[in-house]
**Q** 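Here it is, the structure in full.
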Amino acid sequence: MKRKLLAASSVACLMLCGAAFAADLTVGFSQIGSESGWRAAETTVTQQQAKERGIDLKFADAQQKQENQIKAVRGFIAQGVDAILIAPVVATGWDEVLTEAKDAEIPVILLDRQIDAPEDLYLTAVTSDQVYEGKVAGEWLVKEIGDQACKVVELQGTTGSSPAINRKKGFEEAIAAKSNITIARSQTGDFTRTKGKEVMESFIKAENGGKDICAVYAHNDDMAVGAIQAIKEAGLKPGTDIKVVSIDAVPDIFLAMAEGEANATVELTPNMAGPAFDVLEKFKADGTVPPKWIQTESKLFTQADDPKGVYESKKDLGY
Ligand code: AHR
């Protein structure tokens, strides 16, 4: 009996101590900005995850500027936070400030984007496989189009960001063997609806009023929603005259899908902070070092997947 009591109390302590441990944590979060519905959801979920765990989250919005992110990270180091989360707007230019965090013995965790820097400068990166996301999008189009000639226009994410680089790579790999599918135009829409619409308008103008465009591949749903607007204003039917495939699976793309105006999206979870806080708490509690990459899953959704129902299930999740 005594042994059982002992076991029970040590389990209780483990749980309480763990929670108590998290309660002591102060974490700085350098967020890119609020360029897309997905980004807004990631911010909401991160704040919820921190609150649930009693973590004191210091939030800094960089308005999509790396220099603001670097400034925020330096501020967190000066404050002596216990850890730093960064969603890195671009993949390069991080070595110096991450070395400063390392010298201050403050662990850094990357959220949703990768960087080109020595792996010892960050504890782990919680991201999707962005090349795979592009591949899933490309494979869907290959299946949809068959052998018909198809001119694709591509709306790229933020120039120099890991999702823009990798999603382009994955899509190109998927269509490489299909000579009937070509990318005719490709330009950044910076992951925003406004820019996505503007760039799609220019593509339409350049391609016979859009009549020569068979599909638009957008690196995120927000640019796809902007493109859908431009296609409609040109008097064409998005989803039929021009197929629309993108990434994120935000609620609004499912509204468009339900109207037949979008065809496919690859889901990106906004909950990168949950896995990040899990490994951080363990690292702080007993020194367990996590793998350098914690991969989140990517799932394809099409018009066959009850878009209205999916919209209802996602609409209150902070997008
Ligand atoms: O890094 C993830 C990307 O950033 C999302 O696909 C996009 O919506 C956001 O701007």
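In listed order, ligands and their atoms are each counted from 1.
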**Q** Is any side-chain heavy atom of Gln156 less than 4.5 Å from a side-chain heavy atom of Lys168?
**A** yes
**Q** Can you list the ligand 1 atoms lying under 4.0 Å from a non-hydrogen atom of Trp38?
**A** 8 (O)
**Q** Using atom types as modelled and distance alone, determine if a side-chain donor or acceptor of Lys292 lies under 3.5 Å from a backbone N or O of Tyr122.
**A** yes
**Q** To which protein heavy atom is atom 10 (O) of ligand 1 closest, and what is the distance rounded to 0.1 Å?
**A** Glu35 OE2, 2.5 Å
**Q** What do you reckon, does Arg167 put a non-hydrogen atom under 4.0 Å from ligand 1?
**A** yes
**Q** Give the atom numbers and elements of ligand 1 that come within less than 4.0 Å of a heavy atom of Pro163.
**A** 1 (O)
**Q** Using a plain distance cutoff, I'd like to know if His219 has any nitrogen or oxygen under 3.5 Å from a nitrogen or oxygen of ligand 1.
**A** no
**Q** Quick check: does Asn220 get an N/O under 3.5 Å from an N/O on ligand 1?
**A** yes
**Q** Judged by atom type as modelled, is there a donor-acceptor pair below 3.5 Å linking the side chain of Arg113 to the main-chain atoms of Val89?
**A** yes
**Q** Please confirm whether Asp112 comes within less than 3.5 Å of ligand 1 when only nitrogen or oxygen atoms on both sides are compared.
**A** yes
**Q** Could you list which atoms of ligand 1 come closer than 4.0 Å to a heavy atom of Phe191?
**A** 7 (C), 10 (O)
**Q** Determine the interplanar angle of the Phe171 and Tyr217 rings, folded into 0 to 90°, and report it as parallel if under 30°, tilted if 30 to 60°, perpendicular if over 60°.
**A** parallel
**Q** Verify whether one side chain among Asp116 and Thr92 offers a donor that lies under 3.5 Å from an acceptor in the other.
**A** no
**Q** Just to confirm my output: which protein heavy-atom neighbour is closest to atom 5 (C) of ligand 1, and how far is it?
**A** Asp248 OD1, 3.4 Å
**Q** Mind running salt bridge (charged side-chain N to carboxylate O under 4.0 Å, His left out) on Lys58 and Asp56 for me, showing each step along the way?
**A** CA-CA 7 Å; Lys58 308 283 182 198; Asp56 177 11; 3.3 Å; yes
**Q** Do me a favour and list the nearest non-hydrogen protein atom to atom 3 (C) of ligand 1 with residue, atom name and distance?
**A** Arg113 NH2, 3.8 Å
**Q** Once rounded to the nearest 0.5 Å, what's the spacing between atom CG of Asp306 and atom CD of Glu312?
**A** 9.5 Å
**Q** Give the numbers and elements of all ligand 1 atoms closer than 4.0 Å to a heavy atom of Arg39.
**A** 1 (O), 2 (C), 3 (C), 4 (O), 9 (C)
**Q** What verdict does the salt bridge (charged side-chain N to carboxylate O under 4.0 Å, His left out) test give for Glu42 and Arg39, after you've listed the backbone C-alpha separation in whole Å, the side-chain angles of each residue and the deciding distance to 0.1 Å?
**A** CA-CA 5 Å; Glu42 185 189 49; Arg39 183 67 55 196; 2.7 Å; yes
